[in-house]
Amino acid sequence: MINRKYNGFLDVEILNLKFPNPLILAAGILGLTAPLLKRVVYSGAGGVVTKSIGLKSREGYPNPTIVDLGYGLVNSMGLPNPGLKMFIEELEELKGLKVPLILSIYAFSEEELMTMGKIISKLKAVSAVELNVSCPHVGGISEIGKSPELVKSYVKTLKDNLSNKPIIVKLTPNVSDITSIAMAAVNGGADALTAINTVKSMVIDIETGKPLLAGVFGGLSGPAIKPIALRCVYEITETLDVPVFGCGGVETARDVIEFIMAGAVAVQIGSAIARRGLRVFREISIELKRFLELKGFKSLEEVRGLAHRR
Ligand code: RRO
């Protein structure tokens with residue numbers, strides 16, 4: 001069993017789930033095994049999102065799969081995962097987790113999603129599902145998140161086949177109007193949104209004159225995309241009254257405050273762990289409390305959406 005202390009006024013309740021703090025592990029980092037996910041919780045995360053899991057296993061792309069540019073990471077992992085049936089063994093070990101566990105999933109067809117929804121409905125360890133329709137460099141997935149019709153239809157299919165678990169839809173920034181995609185997700189039955197997945201990008205090896213990543217295209221994450229993510233959260237929450245998890249370049253308490261002021265209910269943290277280690281969760285929590293105390297805010301709710309005031 002994992003014992004942890006609650007942090008008082010950093011608590012947030014979203015979708016009837018209690019998060020002891022608003023700092024949640026983003027999909028894709030350390031989310032493939034039960035021991036790693038437990039370590040993230042011990043390190044002070046308020047919740048965790050698993051690596052995206054599909055119905056069938058996938059090897060992912062050959063190396064190199066990640067390039068560190070200093071101001072951000074470009075990854076082209078290619079959705080490596082053991083498939084849902086194998087991953088259930090990891091989830092079995094996570095039943096006693098003291099923070100919400102969000103299962104990230106993807107599907108190449110609505111039939112696959114139907115099957116997955118029925119299986120996931122029975123999984124006690126799963127508090128919510130994050131539907132990934134937004135990986136920028138895996139064909140068959142990236143197209144879903146750019147089409148309002150497909151997003152609505154995929155979300156509805158999941159909704160119809162998933163009982164008793166909220167659905168979060170992770171959106172791509174690689175569209176001209178993210179609000180219309182957000183609206184489609186909500187119309188399909190999404191209970192919350194995550195903004196944003198990585199920004200489609202590439203890196204060239206000037207020695208060979210070829211793309212550096214084996215998958216050619218990749219997704220940019222980290223500090224470079226924070227202003228884009230903030231803009232997306234702001235645009236969505238300006239129009240829609242739906243909980244939005246901010247994701248993209250969160251490294252400090254200042255970043256968290258910016259996302260909450262833009263309208264996010266909580267944030268997800270990924271690349272910062274690669275850059276600073278798992279201590280980011282505790283360090284940001286301490287900084288965050290200090291900020292709230294200093295400014296006289298009694299809770300994060302008082303900060304949320306401040307940037308929308310006119
Ligand atoms: O596995 C990946 O290559 C990957 C995924 Br599923 C995603 O959603 N976003 C990303 O940047 N990489």
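Counting convention: from 1, in listed order, for ligands and their atoms alike. This one's a predicted model, so the numbers in the text were calculated from it and none came from an experiment.
Listed by chain and residue number, Glu207, Thr208, Leu212 satisfy the side chain to side chain contact (heavy atoms under 4.5 Å, CB included) test with Asp205 (two or more places apart in sequence, or in another chain). Residues passing the side-chain hydrogen bond (donor to acceptor under 3.5 Å, both in side chains) test with Ser134, sequence neighbours excluded: Asn132, Asn197.
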Find all protein N or O atoms under 3.5 angstrom from an N or O atom of ligand 1 and list the pairs with distances, or write 'none'.
unit_1   : atom_1 : unit_2 : atom_2 : d
ligand 1 : 1 (O)  : Lys51  : NZ     : 2.7
ligand 1 : 1 (O)  : Leu79  : N      : 2.9
ligand 1 : 3 (O)  : Asn75  : OD1    : 3.2
ligand 1 : 3 (O)  : Met77  : N      : 3.0
ligand 1 : 3 (O)  : Gly78  : N      : 2.8
ligand 1 : 3 (O)  : His137 : NE2    : 2.7
ligand 1 : 8 (O)  : Asn132 : ND2    : 2.8
ligand 1 : 8 (O)  : Asn197 : OD1    : 3.4
ligand 1 : 8 (O)  : Asn197 : ND2    : 2.8
ligand 1 : 9 (N)  : Asn197 : OD1    : 2.9
ligand 1 : 11 (O) : Asn75  : ND2    : 2.8
ligand 1 : 11 (O) : Thr198 : OG1    : 2.6
ligand 1 : 12 (N) : Asn75  : OD1    : 2.9
ligand 1 : 12 (N) : His137 : NE2    : 3.4

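No more than 12 heavy atoms of other residues, nucleotides or ligands lie within 6.0 Å of NZ in Lys156, so this atom counts as exposed by the packing criterion. In this structure, Asp177 places its CG atom where more than 12 heavy-atom neighbours from other residues, nucleotides or ligands lie under 6.0 Å away.
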Intermediate values then yes/no, side chain to side chain donor-acceptor pair (under 3.5 Å), Asp160 and Thr157
CA-CA 5 Å; Asp160 291 344; Thr157 297; 5.9 Å; no
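Residue pairs meeting the side chain to side chain donor-acceptor pair (under 3.5 Å) criterion with at least one member in residues 74-84, sequence neighbours excluded, are Asn81-Tyr106.
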